Amino acid sequence: VIPNSVYQSKEATKRFLEGLMDSEGWVTDTTHLSKGYIYLQIGFSSTLDLSAEFKRMFESVGISTGKMHSRTIKSGKASKTIHLNSKDWLSSDLEFHCWRKQRKVEAHRLAREALIQAKKMSSLSFNDYKRGLIERLKVA
């Protein structure tokens, strides 16, 4: 059962969700050069029956969520996974306090900013820009 104090304010709800994400959350930063994009996936998995409530809590603080997926884990319990909208996460003031997770978010944010700047300064396509970066890294 989630304590009532979590619902007392939007800030309390956000802090609770940050704690949830530090323990049950995950983040993946993926680049597909051949397809020409980078993306950030953020979500959480839980075996608690409170996953639907967690989903409502994220939506109450402005983080859109995807469908809830279930799978059975080795212990026989049902694990529920929910993907969060990464754009909403990046524009919110929510963060991971677990540095291993937060640094992936920050690296993605910096990569996006660099790509936006590069596109403004050049007529290169996204793929050309990334290929150039990869070639420079091979030389170094």
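It should be emphasised that the depicted structure is a prediction, and the values quoted were computed from it without experimental measurement. No hydrogens, no waters, no symmetry mates; every other heavy atom, side chains included, goes into these values.
By the 4.5 Å heavy-atom criterion applied to side chains, Ile63 and Ser92 are counted as neighbours. Put simply, the side chain of Thr72 does not reach to within 4.5 Å of the side chain of Lys77, judged on heavy atoms. Side chains of Ile42 and Met21 form a contact here, defined as non-hydrogen atoms less than 4.5 Å apart. In this structure, the side chains of Leu40 and Thr28 stay at 4.5 Å or more apart for every pair of heavy atoms.
In this structure, Lys104 NZ and Thr30 OG1 are separated by 9.0 Å, a value rounded to the nearest 0.5 Å. Here His108 contributes atom NE2 and Tyr39 contributes atom OH; the two are 11.0 Å apart, rounded to the nearest 0.5 Å. Atom OG of residue Ser60 and atom NZ of residue Lys55 lie 12.5 Å apart, to the nearest 0.5 angstrom. Considering CG of Leu94 and OG1 of Thr13, their distance stands at 10.0 Å, rounded to 0.5 Å. In this structure, CZ on Phe96 lies 10.5 Å from OG on Ser23, to the nearest 0.5 angstrom. Considering CD of Gln41 and OG of Ser86, their distance stands at 8.5 Å, rounded to 0.5 Å.
When the side chain to side chain donor-acceptor pair (under 3.5 Å) test is applied to Ser45, the partners found at least two apart in sequence or on another chain are Thr81. Applying the side-chain contact (heavy atoms from CB on, under 4.5 Å) rule to Lys87 yields the partners Asn85; only residues at least two apart in sequence or on another chain are considered. Scored by the side-chain contact (heavy atoms from CB on, under 4.5 Å) test, Glu53 finds Ile2, Tyr7, Arg56, Met57 as partners (sequence neighbours excluded). Remark: Asp49 pairs with no residue by the side chain to side chain donor-acceptor pair (under 3.5 Å) rule, at least two apart or across chains. Residues satisfying the ring pair (Phe, Tyr, Trp, His ring centres under 6.0 Å) test with His83, not counting sequence neighbours, are Trp26. Listed by chain and residue number, nothing satisfies the side chain to side chain donor-acceptor pair (under 3.5 Å) test with Glu95 (two or more places apart in sequence, or in another chain). Remark: Phe16 engages no residue in a ring pair (Phe, Tyr, Trp, His ring centres under 6.0 Å) (not counting sequence neighbours). Every residue meeting the side chain to side chain donor-acceptor pair (under 3.5 Å) condition with Gln102, not counting sequence neighbours, appears here in chain and number order: Glu106. The side-chain contact (heavy atoms from CB on, under 4.5 Å) search around Lys80 returns Ser51, Met68, Ser70, not counting sequence neighbours. With sequence neighbours excluded, the residues forming a salt bridge (charged side-chain N to carboxylate O under 4.0 Å, His left out) with Arg15 are Glu11, Glu18, listed by chain and number. Annotation: side-chain contact (heavy atoms from CB on, under 4.5 Å) contacts of Leu110 (sequence neighbours excluded): Glu113.
Contacts classified as salt bridge (charged side-chain N to carboxylate O under 4.0 Å, His left out) and involving residues 61-75 (residues at least two apart or in different chains) are not found.
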Residues Lys101, Asp22; criterion salt bridge (Lys or Arg N to Asp or Glu O under 4.0 Å); working and verdict: CA-CA 8 Å; Lys101 296 175 184 181; Asp22 282 341; 5.7 Å; no

What do the steps show when you test Lys14 against Asp93 for side chain to side chain contact (heavy atoms under 4.5 Å, CB included), and what is the final call? CA-CA 9 Å; Lys14 287 180 178 182; Asp93 62 346; 2.9 Å; yes

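Between Phe54 and Phe44, the ring planes lie perpendicular to each other; the angle is over 60°, past the 30° to 60° tilted range.
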